[in-house]
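Let me begin by presenting the structure, written as structure tokens, before commenting on it.
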There are 2 protein chains.
Amino acid sequence: MDVKTLCLAVLFKGEATGYEIKKAFEEGPFAHFQRASFGSIYPALSRLLAEGLAEAEAREQDGRPDKKVYRLTAAGRDAFHQAIGQDPEPDQFRSDMLFLLYFARELPMDRVADLIDRYIDSYRSQAEHIVACRAQRLASGEEIDPGRWLVSGFGVAIYQAAADYLIENRDRLLSGNGRLPEAAE
Amino acid sequence: MDVKTLCLAVLFKGEATGYEIKKAFEEGPFAHFQRASFGSIYPALSRLLAEGLAEAEAREQDGRPDKKVYRLTAAGRDAFHQAIGQDPEPDQFRSDMLFLLYFARELPMDRVADLIDRYIDSYRSQAEHIVACRAQRLASGEEIDPGRWLVSGFGVAIYQAAADYLIENRDRLLSGNGRLPEAAE
DNA sequence: GAGTATATATATCGGTTCGATATGGAAAAC
DNA sequence: GTTTTCCATATCGAACCGATATATATACTC
């Protein structure tokens, strides 16, 4: 999924500036499972303009630089539908943390303990954050989009599962008895 | 975690060729949570040689081109320990599948059904694969490394949780009643 | 009140990494 | 007999990230 398609998707949900598109991947609806940097968003938007898939309107602001609000054209909406018709690439997950824990034997015990505790915290807080967003959306009374709801629920399930697994195996790792649990199964 | 560090890690576990390093990220111990392409592995290995962190030995083969077997130097082992002393970057997850499911409303019903079924299958088969590897390692009688054991167990837990969540919410998505489940909680 | 951090907003640049491709023969599958 | 997969190194263009430059308003802290 290239950044051009990602921009297409954000703009499909409504007009936006480059800055706002970035936010959609940082705290917005696509956070947690897609990302894009300014260094690829701005060139992608230029390409969108050049190909007639989007149009931009400059809005003056006092003090701040003018913002360019991008909006999809009819061709842009078609391109988006064409893009989501393609088969998706497999999911990919990257974790430096697991990489470090893999080499737990090469690290001081207290460092491993600290590492794993921070890891648990990060997963727990991310799960909680999504839960809070979902609760707010429910409370607001606005209509719930089933696709969006499934996706955020997926996030909660995975983050929760990760935190639970780590909590349950933390002490086993630290005591060095890596194999005990499964042997009992 | 750059590819240079990744190569350092693979070589820390024993001598290897560029090709074997690639396999370590495709089917080997680092699959599922780290990756690297030939386009970055070979330049990284050259840099390792240039910096004196590794040494290479050319081994002749009949028919096939010579293989270059890389091995860490003492400086390379130090560099590896120094690298795993650094704080890890946050985990990152990327999913085109979730991206598509987010836009389920814009897709034909049968396509969404097909998409989600394939998604469930991929997670289930990945979980099963790791479970099989773990069983084999247990049966082999070789000593179990606690770090490595924790990491592969993490993979099972997460893949299982993903498959379970999708199985449980599949029909709810397809019937369009996205919000019913949580409303009952 | 001064100083610092954060938010808004666009844009570019260097460096890293990916994905595809080239090469070429062996072995295995069909 | 033919196609696919495996072994093995290597490069190239395109894509992408992270940092940085620029500029101002607001908010927070000392």
Side-chain angles (χ1 to χ4, degrees), chain A residues 1-8 10 15-28 30-31 34-50 54 56-70 83 86-94 96, chain B residues 1-8 10 15-28 30-31 33-51 54 56-70 83 86-94 96:
Chain A
M1 195 76 25
D2 59 15
V3 177
K4 193 181 123 190
T5 308
L6 258 23
C7 289
L8 231 38
V10 175
E15 58 171 37
T17 65
Y19 185 80
E20 285 164 347
I21 290 175
K22 179 85 197 296
K23 278 208 298 185
F25 297 107
E26 262 167 8
E27 356 165 343
F30 302 112
Q34 292 291 343
R35 52 179 46 222
S37 66
F38 285 130
S40 45
I41 289 171
Y42 284 113
L45 288 172
S46 300
R47 240 179 307 148
L48 251 32
L49 286 184
E57 180 197 339
R59 287 196 197 147
E60 282 180 42
Q61 299 194 123
D62 40 317
R64 297 193 195 80
D66 287 9
K67 58 157 102 171
K68 276 193 211 163
V69 182
Y70 292 85
Q86 304 300 119
D87 272 358
E89 296 292 306
D91 283 9
Q92 49 180 299
F93 172 64
R94 180 167 294 216
D96 287 4
Chain B
M1 195 80 19
D2 59 14
V3 177
K4 193 181 124 190
T5 307
L6 259 22
C7 290
L8 230 38
V10 176
E15 57 171 38
T17 65
Y19 184 81
E20 286 164 346
I21 290 173
K22 179 85 197 295
K23 277 208 298 185
F25 297 109
E26 261 166 9
E27 356 165 346
F30 302 112
F33 63 95
Q34 291 292 341
R35 51 179 45 222
S37 66
F38 285 130
S40 46
I41 289 173
Y42 284 114
L45 287 172
S46 300
R47 240 177 307 147
L48 250 33
L49 287 184
E51 294 169 18
E57 180 196 339
R59 287 197 196 147
E60 284 179 41
Q61 298 193 121
D62 39 317
R64 295 195 195 81
D66 288 8
K67 60 158 103 169
K68 274 192 210 162
V69 181
Y70 292 84
Q86 303 300 118
D87 273 358
E89 296 292 306
D91 283 7
Q92 48 179 300
F93 172 66
R94 180 168 295 215
D96 287 4

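Atoms considered below: every heavy atom in the structure, side chains included; atoms not considered: hydrogens, waters and symmetry mates. So you know, we letter chains A, B, ... as the sequences are listed, proteins then strands, and number each from 1.
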Checklist entry - Under 4.0 Å between a side-chain N or O of R94(A) and OP1 or OP2 of dC18(C)? => result yes
Checklist entry - dA19(D) P sits how many Å from E89(B) CD, rounded? => result 8 Å
Checklist entry - Going by heavy atoms in the side chains, are L45(B) and I21(B) under 4.5 Å from each other? => result yes
Checklist entry - 5'-most contact on DNA chain D: K68(B) or E27(B), nearest heavy atom basis? => result E27(B)
Next on the checklist: Does a side-chain N or O of S40(B) approach OP1 or OP2 of dT17(C) to a distance below 4.0 Å, or not?
Outcome noted: no
Checklist entry - Among dC7(D), dG19(C), dA9(C), which nucleotide sits nearest the side chain of Y19(B)? => result dC7(D)
Item to check | Given dT10(C), dG18(D), dT8(C), the nucleotide with the shortest approach to the side chain of F38(A) | outcome: dT10(C)
Checklist entry - What nucleotide among dC17(D), dC18(C), dA9(C) has an atom nearest to a side-chain atom of E20(A)? => result dA9(C)
Checklist entry - For K67(B) and dG25(C), what is the distance between atoms NZ and P respectively, to the nearest whole Å? => result 19 Å
Checklist entry - OP1 or OP2 of dC7(D) less than 4.0 angstrom from a side-chain nitrogen or oxygen of T17(B), does that happen here? => result no
Item to check | Pair E51(B) + R47(B), salt bridge at N-O below 4.0 Å | outcome: no
Checklist entry - Are the side chain of R94(A) and the backbone N or O of R35(B) linked by a donor-acceptor pair below 3.5 Å? => result yes
Item to check | Whole-Å distance separating the CG atom of L45(B) from the C1' atom of dT11(D) | outcome: 15 Å
Next on the checklist: For D96(A) and Q34(B), which I'm curious about, is there any donor-acceptor pair between the side chains at under 3.5 Å?
Outcome noted: yes
Checklist entry - Would you call Y70(A) and T17(A) a side-chain contact if the rule is heavy atoms closer than 4.5 Å? => result no
Checklist entry - So what does K4(A) hit on the nucleic acid, given a heavy-atom distance under 4.0 Å: a base, only sugar-phosphate, or nothing? => result nothing
Next on the checklist: Distance check needed: dG18(D) C1' versus M1(B) CE, whole Å only.
Outcome noted: 16 Å
Checklist entry - Taking CZ from R35(B) and C1' from dT16(C), how many angstroms apart are they, rounded to a whole number? => result 15 Å
Item to check | Ring-ring centroid check F33(B) F93(A), cutoff 6.0 Å | outcome: no
Checklist entry - Which is true for G39(A) with a 4.0 Å heavy-atom rule: it touches a base, it touches only sugar-phosphate, or it touches nothing? => result base
Checklist entry - Would you say a side-chain N or O of K23(B) is under 4.0 Å from OP1 or OP2 of dC6(D)? => result no
Checklist entry - In whole angstrom, what separates D2(A)'s CG from dA20(C)'s C1'? => result 16 Å
Next on the checklist: So, does Y42(B) get its side chain near the phosphate of dA10(D), meaning an N or O under 4.0 Å from OP1 or OP2?
Outcome noted: no
Next on the checklist: For a 4.5 angstrom cut-off between non-hydrogen side-chain atoms, does F38(A) reach K22(A)?
Outcome noted: yes
Item to check | Whole-Å distance separating the CD atom of Q92(B) from the P atom of dT16(C) | outcome: 17 Å
Next on the checklist: Rounding to an integer number of Å, can you tell me how far R59(A) CZ sits from dT8(C) C1'?
Outcome noted: 15 Å
Next on the checklist: Could you work out how much the helix from dG1(C)-dC30(D) to dC30(C)-dG1(D) bends, comparing the axis of its first five pairs with that of its last five, to 10°?
Outcome noted: 50°
Checklist entry - Is R59(A) paired with E15(A) through a side-chain N to carboxylate O contact shorter than 4.0 Å? => result yes
